[in-house]
Amino acid sequence: MFRATGNYGLLQGNYLFSEIAKRIEAYVAKNPDADIIRMGIGDVTRPLVPAVVSAMHKAVDEMGAKETFRGYGPEQGYAFLREAIAAGDYHARGVEVAADEIFVSDGAKCDVGSIQELFGENTVVAVTDPVYPVYVDTNVMAGRAGKYDAKKGGYEKIVYLPCTQENGFVPELPATPVDVIYLCYPNNPTGTTLTKAQLKVFVDYANKNGALLLYDSAYEVFISDPDVPHSIFEVEGAKTCAIEFRSFSKTAGFTGTRCAYAVVPKTLEYKDDTGSTVSLNAMWNRRHCTRFNGVPYITQMGALATYSAEGRAQVLESANYYMENARIIKAGLEQAGYAVFGGENAPYIWLKVPGGDSWAFFDELLKTKQIVGTPGAGFGNAGEGYFRMTAFASRENTKRAVERILTSTR
Ligand code: PLP
């Protein structure tokens with residue numbers, strides 16, 4: 001008799017963004033003329049840049065011609081893209097990453113979830129808190145998290161590393177042994193970053209204890225501070241303890257186009273549950289080839305265009321547009337008297353909620369200003385008391401939102 005997994009029953013409430021959507025819907029039902037400004041979900045709003053569009057048009061034409069049509073491509077991604085990534089994202093920063101350490105996929109979200117297929121049976125994971133909810137929920141679904149413990153404010157088997165104003169949003173090393181640590185920098189949701197020296201502490205811990213770092217740098221394009229590393233592999237020793245996840249979603253507006261990649265160094269060797277030494281690169285290669293049939297040629301040609309001089313300049317212009325929005329939001333919120341974090345090397349602004357109840361602040365902002373943000377509580381226990389605003393709206397809406405906040409009666 002078929003039985004479904006009981007793990008899904010352990011998930012907490014609704015996925016954060018469904019709850020937000022439900023509350024907006026209820027508000028709009030009562031206030032049909034409300035002019036709502038959405039600064040909640042971290043989706044981009046600017047269209048694909050011209051270099052990408054023209055590369056994809058050309059690829060469509062190739063797919064429509066007998067001579068240049070392509071069927072299945074290599075599961076790991078075409079060599080042209082893997083080589084361009086190695087050169088453009090790594091060699092250009094003095095980091096040695098080979099093309100066969102890069103696995104092109106249809107999203108960092110899928111990759112950070114699927115990577116657990118490589119975990120041994122009793123793997124203990126640590127996450128920063130607040131956290132991109134996917135890291136936690138996929139572990140719950142896999143049966144690795146145990147039950148939710150309301151007193152702890154988290155799942156019994158997950159180790160949480162709080163990041164708050166008090167510690168400058170710098171996580172401490174886990175106090176109890178862990179096997180995997182998820183790190184996301186620039187951080188979603190706090191918009192904060194870590195320096196090379198701060199990351200080195202985690203790299204040293206992982207190498208010393210045989211742990212694995214899962215480093216999500218989906219927002220690296222927004223970094224402007226020269227002291228903030230774009231890749232974990234800029235930190236010495238990371239190639240023996242880290243996997244990096246990157247995405248074209250935020251860097252090049254590919255949230256609806258879908259293309260990302262994971263870097264799994266060939267130097268990553270661990271023992272498996274049977275005691276044999278295994279290569280994570282070989283395992284991920286096997287997994288990728290077995291489960292995945294590759295990103296569309298048309299999409300990969302679009303991604304490739306972001307590495308041309310023209311494409312790169314256009315992509316950076318878009319990133320700068322969002323970062324100017326971030327600057328406007330941050331300055332506006334500070335002027336309004338809020339304590340504000342992030343927003344300098346990331347498109348997220350993390351503000352301290354007066355009164356401390358982030359869902360109450362969400363409801364209040366929606367009701368009085370018709371502005372939607374994301375309550376920090378949705379990102380974990382240590383997110384309560386904070387609120388995330390994104391810089392992905394249009395310039396006009398960003399300015400209107402700030403004006404509304406500045407005419408606040410608070
Ligand atoms: N990683 C982080 C930290 C994110 O915030 C997001 C999307 O919001 C993703 C990954 C998802 O990336 P992708 O669109 O490539 O699945």
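Both ligands and their constituent atoms are indexed starting at 1 by order of listing. All figures in this text were calculated on a predicted structure; none of them were measured in a lab.
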Can a donor-acceptor pair be found between the side chains of [X] and [Y] at a distance below 3.5 Å?
X	Y	answer
Thr240	Asn207	yes
Gln198	Thr195	yes
Asn139	Tyr182	yes

Among Tyr132, Tyr348, Phe245, Phe17, closest by heavy atom to atom 11 (C) of ligand 1 is Tyr132
Any N or O of [X] that comes nearer than 3.5 Å to an N or O of ligand 1?
X	result
Ala218	no
Thr255	no
Tyr135	no

Is the NZ or CZ atom of Arg388 positioned over Phe379's six-membered ring, under 6.0 angstrom from the centre and within 45° of the axis?
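No; the conditions do not both hold, so Arg388 does not lie above the ring face of Phe379.
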Examine Arg287 relative to Phe103 and say whether NZ or CZ is less than 6.0 Å from the centre of the six-membered ring and inside a 45° cone about the ring axis.
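The answer is no, since Arg287 fails at least one limit relative to Phe103.
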Examine the proximity of ligand 1 to Tyr219 and report which part, side chain or backbone, both or neither, has a heavy atom under 4.0 Å away.
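Near ligand 1, Tyr219 shows its side chain, while the N, CA, C and O stay back.
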Determine, using heavy atoms of Asp216 and all atoms of ligand 1, whether some pair is separated by less than 4.0 Å.
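A heavy atom of Asp216 does come that close to ligand 1.
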Identify, by atom number and element, the atoms of ligand 1 in contact range of [X], meaning under 4.0 Å from any of its heavy atoms.
X	answer
Arg258	13 (P), 14 (O), 15 (O), 16 (O)
Gly107	15 (O), 16 (O)
Cys184	3 (C)

Phe341 and ring pair (Phe, Tyr, Trp, His ring centres under 6.0 Å): which partner among Phe169, Phe387, Tyr348?
Phe169
Checking Tyr155 side chain against Leu10 main chain: does a donor-acceptor pair fall under 3.5 Å?
yes
For atom NE2 of His91, decide whether the heavy atoms of other residues, nucleotides or ligands shown that lie under 6.0 angstrom number more than 12.
yes
Distance to 0.1 Å, residue and atom name: give those for the protein heavy atom nearest to atom 14 (O) of ligand 1.
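Nearest protein contact, heavy atoms only, for atom 14 (O) of ligand 1 is Ser249 OG, 2.6 Å.
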Top protein contact for atom 7 (C) of ligand 1, by heavy-atom distance
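Heavy-atom neighbour on the protein nearest atom 7 (C) of ligand 1: Lys250 NZ, 3.2 Å.
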